[in-house]
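Below is one structure, written out as C-alpha cells; comments come after it.
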Amino acid sequence: MKTQVAIIGAGPAGLLLGHLLRAEGVDCVVLERQTGDYVLSRIRAGVLEGVTVGLMRRLGLDARLKAEGLVEEGFNLADGERLIRIDVAALTGRTVTVYGQTEVTKDLMDAAQERQLQVIYEAGDVALHDIESDAPFVTYSHQGNPQRLDARFIIGCDGFHGPSRKAIPASAVREYERVYPFGWLGILADVPPCNHELIYANHARGFALASMRSHTRSRYYVDVPLSERIEDWPDDRIWDELAIRLGPEAAAGMTRGPSIEKSIAPLRSYVFEPMRHGSLLLCGDSAHIVPPTGAKGLNLAASDVHYAVEALAGWFRHHDADAIAGYSAKALARVWKSERFSWSLTRLMHRFPEDGPFERAMQVAELDYIASSRAAQTSIAENYVGLPL
Ligand code: RFL
Ligand code: PHB
C-alpha cells in the first residue's frame, strides 16, 4: 500500500493529525496497535486549552464539545485552610474547557469514515524502515498477514512506549528526564463535582485534585508513593483521603459514590530532542511527557500536530523543505515552556519525600506570593490557558 503520510498511533495526536491532513488534501493512513474500543477505554486528560478546542473547531468537529464541554473561567490552589482562586478569564481574557480526552478521541474516531480517513486498528509488529531516506516505509501485520505501507513521511504519534522514537539512532538524539517519587491515584465516579472549578491541593498528607467531566461525573486524584497497590485503596479510603486533603469547604460539597474507573499513573517529565530525524516527525507523548499537574499533555500533543500540519502542508503544496527542517525547533520551543510550567506546579503542590522544613517554607512563601500578587497570578493563568502558538 502507498500513501503520502504514514501515521503511527490513533490516540488524540494521530487522529487529529490524520483529519487535519485530509482537510489539507494530503493522503494518509493511521496504524493503531489496539482496537478502537481499547483506545476509548483509557481515561486520561480532562482540560482543553483554546489551541486544542480551536483545532476541533477548524475541523468542524466541535459540535458536541460546544454543547457538552464546561467552560472554566478559573481554578483554585488550596493550601491547608486557604483557597487561592486564579481568575483565568479576568487575568488573560481566555478560558479552558473541561471535555474528556475520551470524548475528543470518540468525536475524531466517529468522523473518520465519512471523511475518508483510513485507520487500521490491530496493526501488529509495527516497524519503521529507511527513515533517513525520501522513501521510508512501515511494515506491520494485520489479521495474520504481513503488510507494507510506503510513504513520503512517517509521523510517530505512538505515545511514550511506541516504536517511532526508538527508530532514531542514539547518536542523533538527546534525552532529558525527571521521574517523580510518587504517582497519581485517580478515581472516576458518577457524582456531581464538589466545586464548579478545579481545586489543586497541597496538604500535609499529600496532593489532591478535584476535577470533573460533566455536571454529573467527577474525576479526583490523590498522590501516593510508587510502592502503593490499587488493591489497597478501596473507594472509601480514597474518599476519606480526598476529604482531608481538599479541605473542609470542598469536603462539605463532595458527594461520594462507587468508582467506575480507578488507576495509578506514575509522574514523569521527559523530552526527546530532536523531534524530527530525516523523514520521521514525532508528535505528542512519543517525544515528551509532562506530569499531569497543569493539564498540559494532550494540549501539547495538539500544538505539535498544529506545527506538523503546517510543515507537511507546506511540503506537499510547494516542496517547502525548510518547513520540515524547522518543525523540531518550533515544536520544542513550546514543549519546553509547558515542561517548565508542569514541573513548577508539581514542585509547588506536592510534598516530596526528600523535602525538609526549608523546602516547605519555600512552598508556603510562593503560595503567599501568588495569593497577594496579580503579576504572579497572571503568570500562572497565561500558562494554564496555554501559551500562544
Ligand atoms: P497516546 O494517547 O498515548 O496515544 C498513542 C497511541 O499509539 C498507539 N501505539 C501504537 N500503535 C501502533 N503500533 C505500536 N507499536 C504502538 N504503540 C502505541 C497506542 O495504542 C495509542 O493509541 O499519545 P498521544 O496521542 O500523543 O496523546 C497524549 C495524551 O494522551 C497525554 O499527553 C495526556 O493523556 C496526558 N494527560 C493530560 N493531558 C492534558 O492535556 N490534560 C489533562 O488533564 C491530562 N490529564 C493525562 C492526564 C495523562 C494521564 N495519564 C494516565 C498518563 C491524566 C492522567 C492520569
Ligand atoms: C483531569 O480532569 O483528569 C485532570 C484535570 C487537571 C489536571 C490533570 C487531570 O491537571
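Computed from a prediction, not measured in an experiment: that's the story for all the values here. Read the numbers this way: they start at 1 and go in the same order the structure lists the ligands and their atoms.
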- prompt: Are Arg213 and ligand 2 in contact, using a heavy-atom cut-off of under 4.0 Å?
  reply: yes
message: Closer than 4.0 Å to some heavy atom of Arg44 - which atoms of ligand 2 meet that?
response: 3 (O)
statement: Quick note on ligand 2: atoms under 4.0 Å from a heavy atom of Ala295 include exactly 6 (C), 7 (C), 10 (O)
field: Heavy atom of the protein closest to atom 8 (C) of ligand 2 (residue, atom name, distance)
entry: Pro292 O, 3.4 Å
task: Could you point out which residue of Leu332, Val290, Ile289 forms a side chain to side chain contact (heavy atoms under 4.5 Å, CB included) with Glu339?
output: Val290
query: Any non-hydrogen atom of Leu209 lying under 4.0 Å from ligand 2?
result: yes
query: Which ligand 2 atoms are under 4.0 Å away from a heavy-atom of Trp184?
result: 8 (C)
- prompt: Taking all atoms of both residues into account, what is the closest heavy-atom pair of Gln116 and Arg22, and its distance?
  reply: O-NE, 3.2 Å
task: Would you check if the side chain of Glu32 reaches a backbone N or O of Ala10 as a donor-acceptor pair within less than 3.5 Å?
output: yes
statement: The protein heavy atom nearest to atom 6 (C) of ligand 2 is Tyr200 OH, 3.4 Å
query: Between the main-chain N or O of Leu108 and the side-chain N or O of His19, is there a donor-acceptor pair closer than 3.5 Å?
result: yes
- request: Examine distances only and state if a side-chain atom of Glu68 and a backbone atom of Leu65 form a donor-acceptor pair shorter than 3.5 Å.
  value: no
message: Using a 4.0 Å cut-off on heavy atoms, what residues surround ligand 1? Order them by chain and number.
response: Ile8, Gly9, Gly11, Pro12, Ala13, Leu31, Glu32, Arg33, Gln34, Val39, Arg42, Arg44, Ala45, Gly46, Val47, Gln101, Val126, Cys157, Asp158, Gly159, Gly162, Pro163, Tyr221, Ala265, Gly284, Asp285, Ala295, Lys296, Gly297, Leu298, Asn299
message: Quick check with a 6.0 Å cut-off and a 45 degree axis cone: is Arg174 positioned over the face of Phe272's six-membered ring?
response: no
query: So, the side chain of Asn299 versus the backbone of Ala295: is there a donor-acceptor pair under 3.5 Å, distance only?
result: yes
query: In the protein, which heavy atom is nearest to atom 3 (O) of ligand 2, and how far is it?
result: Tyr221 OH, 2.6 Å
query: Can you list the residues that meet the side chain to side chain donor-acceptor pair (under 3.5 Å) rule with Arg205, with sequence neighbours excluded?
result: Glu241
Same cluster (ILVMFWY, side-chain, under 4.5 Å), Val98 and Leu300: no
field: Mutual orientation of the aromatic rings belonging to Phe207 and Trp184 [parallel < 30°, tilted 30-60°, perpendicular > 60°]
entry: parallel
statement: In ligand 2, the atoms that come under 4.0 Å of a heavy atom of Val47 are 5 (C), 6 (C)
- prompt: Does Leu198 reach ligand 2 with a nitrogen or oxygen that is under 3.5 Å from one of the ligand's nitrogen or oxygen atoms?
  reply: no
- line: If you scan protein heavy atoms around atom 2 (O) of ligand 2, the nearest is Ser211 OG, 2.6 Å
- prompt: Is Arg165 positioned over the aromatic face of Phe160, cation under 6.0 angstrom from the ring centre and no more than 45 degrees off axis?
  reply: yes
